[in-house]
K.L.:
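Pasting a structure below so you can have a look.
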Amino acid sequence: MLDQIHLLAAVTVLGVLEQGYFFLQVIYARRAFGISPPKISGPPEFERIFRAQVNSSEYFPIFLALLWQAGLFFHQGLAAALGLLYLYARYCYFMGYRASSSERLTPIYFSSGVLWILIAASALGILHFFLSHYVGLNILQLLRA
């Protein structure tokens, strides 16, 4: 069983570490700009870092659910590779947003595209499971014939 999920687990740990890094960046920015919680406004530099972290946190549960569904029902290797791409795009998004709000756009579009691919892989994998498990229809065998 573990050999079927080890890549997904590794990408999950990397994602959690990335989220931790983003959280630390907000803490450092709060200290640098003298902004104590619960305040969330300040200089544009602080607000961009804060928004980048919050936005990344908002999407993280969606990413995790899709990563694991695509990995379990479609293909672990493909899901893990897409997960790494997503994490890299989110890092680029964070760093771009930190520099300028316009520099966040390309990475956010790319990471959204990766999420759509994970959605498609998840849906196809789950559909294949339901059809083969409950209807007895194996699409892969039909395609090979």
K.L.:
Is the CZ atom of F33 crowded by more than 12 outside heavy atoms at less than 6.0 Å?
P.N.:
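Yes - once you tally the heavy atoms of other residues, nucleotides and ligands closer than 6.0 Å, there are more than 12.
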
K.L.:
Quick one: closest heavy-atom pair of L72 and L8, and the distance?
P.N.:
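So the two residues come closest at N-CD1, 4.1 Å.
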
K.L.:
Which heavy atom of G15 sits nearest to which heavy atom of F60, and what is that distance?
P.N.:
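Heavy atoms only, the tightest pair is C-CZ, 3.5 Å.
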
K.L.:
With a 4.5 Å cut-off on side-chain heavy-atom distances among I, L, V, M, F, W and Y, is there a chain of contacts connecting W116 to I62?
P.N.:
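In one cluster with W116: I62, yes.
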
K.L.:
Does one hydrophobic cluster hold both L7 and L67, with members joined at side-chain heavy-atom distances below 4.5 Å?
P.N.:
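Different hydrophobic clusters.
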
K.L.:
Say you draw a straight line from CG of L118 to CZ of F74; how long is it, rounded to the nearest 0.5 Å?
P.N.:
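L118 atom CG to F74 atom CZ measures 10.5 Å (nearest 0.5 Å).
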
K.L.:
Would you find more than 12 non-hydrogen atoms of other residues, nucleotides or ligands less than 6.0 Å from Y109 atom OH?
P.N.:
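No.
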
K.L.:
Would you say that F50 contacts R30 through its side chain, given a criterion of any heavy-atom pair below 4.5 Å between the two side chains?
P.N.:
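Yes. Closest side-chain heavy atoms under 4.5 Å.
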
K.L.:
Can you measure from CG (L87) to OG (S56) and round to the nearest 0.5 angstrom?
P.N.:
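Answer rounded to 0.5 Å: 10.0 Å.
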
K.L.:
So which heavy atom on S111 is nearest to which on R90, and how close?
P.N.:
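So the two residues come closest at OG-NE, 3.9 Å.
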
K.L.:
Do F110 and M95 belong to the same hydrophobic cluster, where Ile, Leu, Val, Met, Phe, Trp and Tyr are linked whenever their side-chain heavy atoms lie under 4.5 Å apart, directly or via other members?
P.N.:
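In one cluster with F110: M95, no.
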
K.L.:
Nearest 0.5 angstrom please: R48 CZ to Q53 CD, how far?
P.N.:
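Going from the CZ atom of R48 to the CD atom of Q53 covers 15.5 Å.
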
K.L.:
Is it the case that one hydrophobic cluster holds both Y91 and V114, taking links as side-chain heavy atoms less than 4.5 Å apart, direct or via other members?
P.N.:
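Each belongs to a different hydrophobic cluster.
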
K.L.:
Ignoring hydrogens and angles, write down the donor-acceptor pairs under 3.5 Å from the side chains of residues 16-28, residues two or more places apart or on other chains.
P.N.:
| residue | atom | partner | partner atom | Å |
| --- | --- | --- | --- | --- |
| Q19 | OE1 | S57 | OG | 3.1 |
| Q25 | OE1 | R98 | NH1 | 2.9 |
| Q25 | OE1 | R98 | NH2 | 3.3 |

K.L.:
Do Y86 and L66 have side chains that get closer than 4.5 Å, going by heavy atoms?
P.N.:
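Y86 does not reach L66 side chain to side chain.
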
K.L.:
Quick one: does T106's side chain get under 4.5 Å of C92's, heavy atoms only?
P.N.:
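Answer no - side chains too far apart.
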
K.L.:
Could you grab the distance from atom CH2 of W68 to atom CZ of F63, nearest 0.5 Å is fine?
P.N.:
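So the gap between those two atoms works out to 11.0 Å.
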
K.L.:
I'd like to know whether I49 forms a side chain to side chain contact (heavy atoms under 4.5 Å, CB included) with F94, so could you lay out the CA-CA distance, the side-chain angles of the two residues, the decisive distance to 0.1 Å, and finally the verdict.
P.N.:
CA-CA 7 Å; I49 292 169; F94 186 90; 3.9 Å; yes

K.L.:
If I take atom CG from residue L137 and atom NE2 from residue H128, how far apart are they, to the nearest 0.5 angstrom?
P.N.:
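So the CG of L137 and the NE2 of H128 are separated by 8.0 Å.
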
K.L.:
Could you check if a side-chain atom of N55 sits within less than 4.5 angstrom of a side-chain atom of Y93, using non-hydrogen atoms only?
P.N.:
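They are in side-chain contact.
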
K.L.:
If I compare all heavy atoms of Q69 with all of S122, which pair ends up nearest, and what's the gap?
P.N.:
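Taking Q69 first and S122 second, the nearest heavy atoms are CB-OG, 3.5 Å.
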
K.L.:
Strictly distance-based, threshold 3.5 Å: is any side-chain N or O of Q76 a donor or acceptor partner for the main-chain N or O of H6?
P.N.:
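Side chain of Q76 to backbone of H6: a pair is present.
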
K.L.:
Is the number of heavy atoms from other residues, nucleotides or ligands within 6.0 Å of CD1 (I40) greater than 12?
P.N.:
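Counting other residues, nucleotides and ligands, CD1 of I40 stays at 12 neighbours or fewer.
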
K.L.:
Side-chain heavy atoms under 4.5 angstrom apart, residues restricted to Ile, Leu, Val, Met, Phe, Trp, Tyr: same cluster for Y97 and V54?
P.N.:
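Not linked; separate clusters.
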
